[in-house]
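One structure is given below, encoded as structure tokens.
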Amino acid sequence: MQTVTPGARHLEVTPIAYGTWQFGGDWESVDEQAAVAGLVREHLTRHAGVSNYGADQITEFAAVLPAETVQPAYHLFRRDIEAGLLPYAQAHHSGVLAYEPLAHGLLGGTITEATTFGGDDWRSHSPAFTGPGIRRNLQVVAAPGRSAADRGATTAQLTVPWALAHPAVQVAIVGSRTPAHLEESLGALDLTLSQGNLAEIDRIMAAAVPLGGPSLEGMT
């Protein structure tokens with residue numbers, strides 16, 4: 001609470017409207033979650049959600065404080081949450097804010113076989129971004145890229161309606177480092193995908209090398 005209260009004062013907002021706690025640093029014990037529940041109870045934050053939590057972890061902690069939202073990684077190369085977390089969120093009416101729809105740049109249209117990553121970048125030792133894995137994944141990405149181009153869109157734009165097509169997902173969080181990135185993301189609002197489009201994407205992605213990410217389990 002010593003951390004949250006000064007933060008609220010700095011923002012000149014009391015209470016904080018919404019707080020997200022990330023697995024691996026904030027809710028590693030029941031005592032820590034009880035502290036977060038106290039923030040809600042004492043009106044220092046109105047709503048609480050979690051990031052990088054699996055269905056089992058949310059279930060364990062729900063006895064103390066149900067998560068109003070969940071924030072998982074979700075993209076064409078990482079769909080494991082479809083089997084557990086997304087059904088849980090639907091059943092318990094938790095909002096889903098999916099991040100990394102561009103698959104850490106793989107679906108952004110700028111990564112090639114010649115792209116290199118710094119030694120401290122987890123992608124430099126990921127099978128999906130190096131050697132045969134990156135070659136295979138770039139070949140896979142080319143197909144939805146052509147489909148997007150036929151519709152006057154980019155591969156990056158295609159990832160947003162794909163993520164939002166799942167009935168459990170309400171928000172797709174797209175990082176934008178430049179105004180051009182933001183403009184490209186806004187262009188995704190005009191795209192819709194039919195069930196046929198989604199089935200074709202599933203068929204294409206069956207050949208992909210699975211991709212983790214910079215959550216704790218993906219950086220080991």
Side-chain angles (χ1 to χ4, degrees), residues 52 71-86 96-169 171-178 180-220:
N52 292 333
Q71 187 173 310
Y74 185 49
H75 49 72
L76 287 169
F77 289 87
R78 186 174 186 178
R79 302 177 61 173
D80 53 304
I81 63 171
E82 292 177 350
L85 181 61
L86 294 185
V96 177
L97 295 75
Y99 71 86
E100 285 297 349
L102 299 186
H104 311 287
L106 192 53
L107 294 166
T110 59
I111 291 178
T112 69
E113 286 188 46
T115 300
T116 58
F117 304 99
D120 59 347
D121 189 321
W122 65 273
R123 292 175 294 184
S124 66
H125 52 79
S126 167
F129 283 94
T130 56
I134 187 62
R135 289 192 292 272
R136 180 177 173 181
N137 280 342
L138 288 174
Q139 291 173 352
V140 171
V141 168
R146 288 189 295 269
S147 177
D150 290 342
R151 306 176 67 176
T154 66
T155 306
Q157 290 173 326
L158 198 67
T159 67
V160 175
W162 177 85
L164 294 175
H166 195 289
V169 178
V171 177
I173 302 173
V174 181
S176 297
R177 295 184 178 181
T178 68
H181 289 163
L182 180 59
E183 288 295 330
E184 182 178 20
S185 297
L186 290 173
L189 297 175
D190 299 324
L191 292 176
T192 57
L193 297 176
S194 67
Q195 289 302 312
N197 296 144
L198 295 171
E200 177 64 10
I201 290 173
D202 287 346
R203 184 191 66 78
I204 292 168
M205 296 306 298
V209 176
L211 173 61
S215 54
L216 294 184
E217 72 277 12
M219 297 185 70
T220 56

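Residues: numbered from 1 along the sequence shown. Not measured: the values here are computed from a predicted model.
- In this structure, Leu86 CG and Tyr74 OH are separated by 6.0 Å, a value rounded to the nearest 0.5 Å.
- For residues 128-155, the set of pairs meeting the salt bridge (Lys or Arg N to Asp or Glu O under 4.0 Å) definition, not counting sequence neighbours, is empty.
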Review item, side-chain donor-acceptor pairs of residues 158-169, under 3.5 Å, at least two apart:
residue, atom, partner, partner atom, Å
Thr159, OG1, Ala156, O, 2.7
His166, ND1, Ala168, N, 3.0

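- Looking at every heavy atom in both residues, Leu191 comes nearest to Ala153 through CD1-CB, 3.7 Å.
- Among pairs with a residue in residues 186-206, those fulfilling side-chain hydrogen bond (donor to acceptor under 3.5 Å, both in side chains) read Arg79-Asp202, Ser194-Asn197, Glu200-Arg203, at least two apart in sequence or across chains.
- The ring pair (Phe, Tyr, Trp, His ring centres under 6.0 Å) pairs that include a residue from residues 127-157 are Phe117-Phe129, Trp122-Phe129, where partners are two or more places apart or lie in different chains.
- Of all the heavy atoms in Gly145 and Thr155, the pair that sits closest is CA-OG1, 3.1 Å.
- Within the structure, salt bridge (Lys or Arg N to Asp or Glu O under 4.0 Å) pairs that include any residue of residues 123-133 comprise Asp121-Arg123 (at least two apart or interchain).
- Shown here are the side chain to side chain contact (heavy atoms under 4.5 Å, CB included) partners of Ser147, two or more places apart in sequence or in another chain: there are none.
- Note that the CG atom of Leu107 and the CD atom of Gln157 stand 13.0 Å from one another [nearest 0.5 Å].
- Residues passing the side chain to side chain contact (heavy atoms under 4.5 Å, CB included) test with Thr178, sequence neighbours excluded: Ala180, His181.
- Between Gln71 and Tyr99, the shortest heavy-atom distance links the atoms O-CE2, 3.4 Å.
- Between the CG atom of Leu102 and the CD1 atom of Ile173 there is a distance of 12.0 Å, given to the nearest 0.5 Å.
- The side chain to side chain contact (heavy atoms under 4.5 Å, CB included) search around Leu138 returns Leu106, Glu113, Ile134, not counting sequence neighbours.
- Thr130 places none of its side-chain heavy atoms less than 4.5 Å from the side chain of His125.
- The shortest heavy-atom contact between His104 and Ile111 is O-CD1, 4.0 Å.
- Scanning all heavy atoms of the two residues, the minimum distance from Pro101 to His75 falls at O-CB, 3.5 Å.
- Of all non-hydrogen atoms in Asn52 and Ala73, the two that sit nearest each other are OD1-N, 4.5 Å.
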